[in-house]
Amino acid sequence: MVVMTGAGVSAESGVPTFRASDGLWEGHPIEEVATPEGFAADPIKVWRFYEGRRENLLRVAPNPGHHVIAAWQERFSSLMLVTQNVDGLHQRAGSRDVMELHGSIWQIRCSQCHRERVDRTAPMAKLPPICEVCGGLERPGVVWFGEILPQDTLNAAARAAVKADVTLVAGTSAVVYPAAGLVELAANSGAALIEVNPVASALASLATVALRGPSGEVLPALDRLLGFPS
Ligand code: APR
């Protein structure tokens, strides 16, 4: 079983989803805060944006959808969790070995020597953060538009999608590739596809079953139907 998640699974925790119809992301033009060019032009502005998101995340908690997915990992030993989310809420709910296709907002990487470190504090003492090893400019460890995904993670997720009997896709608009391509890959490899989303996503036509509703309600309901003892 593969569970693939997007921003919608964190919506009920109070984390805004991404796709605003006017091309803005929390009020910012996407190209200014989520591209390498935007970072090169104004690193402090980009860091302020990410610091705002990090501070918000420190105030929120995983919701019942995250908890059900974490519990299923205990029940189905082969369950692989693939996420486009950078918020770390799956891990906080107890999920292990999460394949983070778009990196993590808690990871910080030097743009010069590429050293990575984990930092779970916000706000930081000084912006922008500077690499202690080489003095280079540090950046959020997330994948921006126009950047390639971590190839090992993408390959592992693709292998899981090909092997899956069931792929459950929750809370993603499925418009960003290559992540959305994993759903197509799973469907083309014969997996039954379950979509959990209040509205039809771009790949809804591939779904074997569509469960229309918020994941924080639908996943616990599905869990109860499966009849696992709590
Ligand atoms: N439960 C389930 N799904 C929900 C809920 C909810 N409570 N609320 C909203 N959704 C659905 C929306 O209907 C939409 O289909 O979640 C989806 C969110 O879509 P996006 O905002 O596009 O998020 P995502 O698909 O994760 O975006 C992919 O794009 O901006 C980049 O890198 C960023 O990882 C992100 C990628």
Side-chain angles (χ1 to χ4, degrees), residues 3-20 24-30 32-36 38-39 42-71 73 81-111 114-133 136-145 147 149-150 153 170-173 176 179 214-217 219-220:
V3 174
M4 164 129 169
T5 64
V9 296
S10 296
E12 287 149 277
S13 292
V15 183
T17 61
F18 300 104
R19 285 271 106 57
L24 298 181
W25 188 358
E26 294 178 29
H28 300 269
I30 286 170
E32 285 183 15
V33 293
T35 62
F39 186 67
D42 194 343
I44 293 182
K45 176 187 195 168
V46 172
W47 263 115
R48 283 206 186 106
F49 170 70
Y50 278 94
E51 280 287 85
R53 295 183 64 203
R54 284 158 56 94
E55 281 183 57
N56 183 42
L57 285 169
L58 291 176
R59 286 192 290 265
V60 305
N63 67 58
H66 295 110
H67 287 298
V68 165
I69 293 168
Q73 203 169 33
L81 176 55
V82 183
T83 190
Q84 298 167 86
N85 299 346
V86 299
D87 56 30
L89 288 176
H90 282 302
Q91 289 89 335
R92 281 173 58 191
S95 288
R96 290 170 281 104
D97 305 323
V98 185
M99 297 184 211
E100 295 179 305
L101 292 175
H102 294 164
S104 167
I105 203 164
W106 306 111
Q107 194 88 30
I108 292 178
R109 186 167 72 244
C110 175
S111 48
H114 308 295
R115 182 183 79 119
E116 292 191 336
R117 66 185 177 92
V118 173
D119 181 299
R120 293 187 195 282
T121 59
M124 290 181 194
K126 195 169 178 297
L127 291 181
I130 298 297
C131 176
E132 281 178 8
V133 175
L137 187 60
E138 288 184 314
R139 56 162 284 177
V142 300
V143 176
W144 283 324
F145 290 96
E147 294 188 312
L149 275 62
T153 307
T172 178
S173 55
V176 172
S215 50
E217 294 172 19
L219 292 175

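- The minimum heavy-atom distance linking Q84 with T172 is given by the pair NE2-OG1, 2.9 Å.
- Here H67 contributes atom NE2 and I69 contributes atom CD1; the two are 11.0 Å apart, rounded to the nearest 0.5 Å.
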List the steps, then state whether side chain to side chain contact (heavy atoms under 4.5 Å, CB included) holds for W47 with M124. CA-CA 10 Å; W47 263 115; M124 290 181 194; 3.5 Å; yes
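- Between L101 and V143 there is no side-chain heavy-atom pair separated by less than 4.5 Å.
- In this structure the side chain of V118 reaches within 4.5 angstrom of the side chain of Q107, judged on heavy atoms.
- In terms of modelled atom types and a separation under 3.5 Å, the side chain of R54 and the main chain of D119 share a donor-acceptor contact.
- Within the 4.5 Å cutoff, side-chain heavy atoms of R96 are placed close to those of Q73.
- Under a 3.5 Å cut-off, the side chain of E12 and the backbone N or O of G216 do form a donor-acceptor pair.
- Side-chain contact between V82 and T5: absent, with no pair of heavy atoms (C-beta onward) separated by less than 4.5 Å.
- Contact detail for P64 and P220: the closest heavy-atom pair is CB-CG, 3.7 Å.
- Checked by atom type and distance alone, the side chain of N85 never pairs as donor or acceptor with a backbone atom of D87 at under 3.5 Å.
- Of the possible donor and acceptor atoms, none in the side chain of S13 sits under 3.5 Å from a partner among the backbone N and O of V15.
- Counting heavy atoms from C-beta outward, R48 and L127 have side chains that approach closer than 4.5 Å.
- Put simply, the side chain of V9 reaches to within 4.5 Å of the side chain of H90, judged on heavy atoms.
- Ring-plane geometry between W144 and Y50 is classed as tilted, the angle between the planes lying from 30 to 60 degrees on a 0 to 90 degree scale.
- Of all non-hydrogen atoms in P16 and N56, the two that sit nearest each other are CD-ND2, 4.1 Å.
- Between A11 and T17, the shortest heavy-atom distance links the atoms CB-CG2, 4.2 Å.
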With salt bridge (charged side-chain N to carboxylate O under 4.0 Å, His left out) as the test, would you mind laying out the steps for R139 and E147 before giving the verdict? CA-CA 13 Å; R139 56 162 284 177; E147 294 188 312; 2.7 Å; yes
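- With rounding to the nearest 0.5 angstrom, the SG atom of C131 is 11.5 Å from the CD atom of E116.
- Looking at every heavy atom in both residues, R109 comes nearest to G141 through NH1-CA, 3.9 Å.
- In this structure, CD1 in I105 is found 11.0 Å from CD in E100, a value given to the nearest 0.5 Å.
- Closest approach of Q91 and V98 over heavy atoms only: NE2-CB, 3.6 Å.
- Using a 4.5 Å heavy-atom cutoff, the side chains of S10 and H66 are in contact.
- Counting heavy atoms from C-beta on, the side chains of R117 and E138 come closer than 4.5 Å.
- Taking OG1 of T121 as the reference point, atom CD of E55 lies at 10.0 Å (rounded to 0.5 Å).
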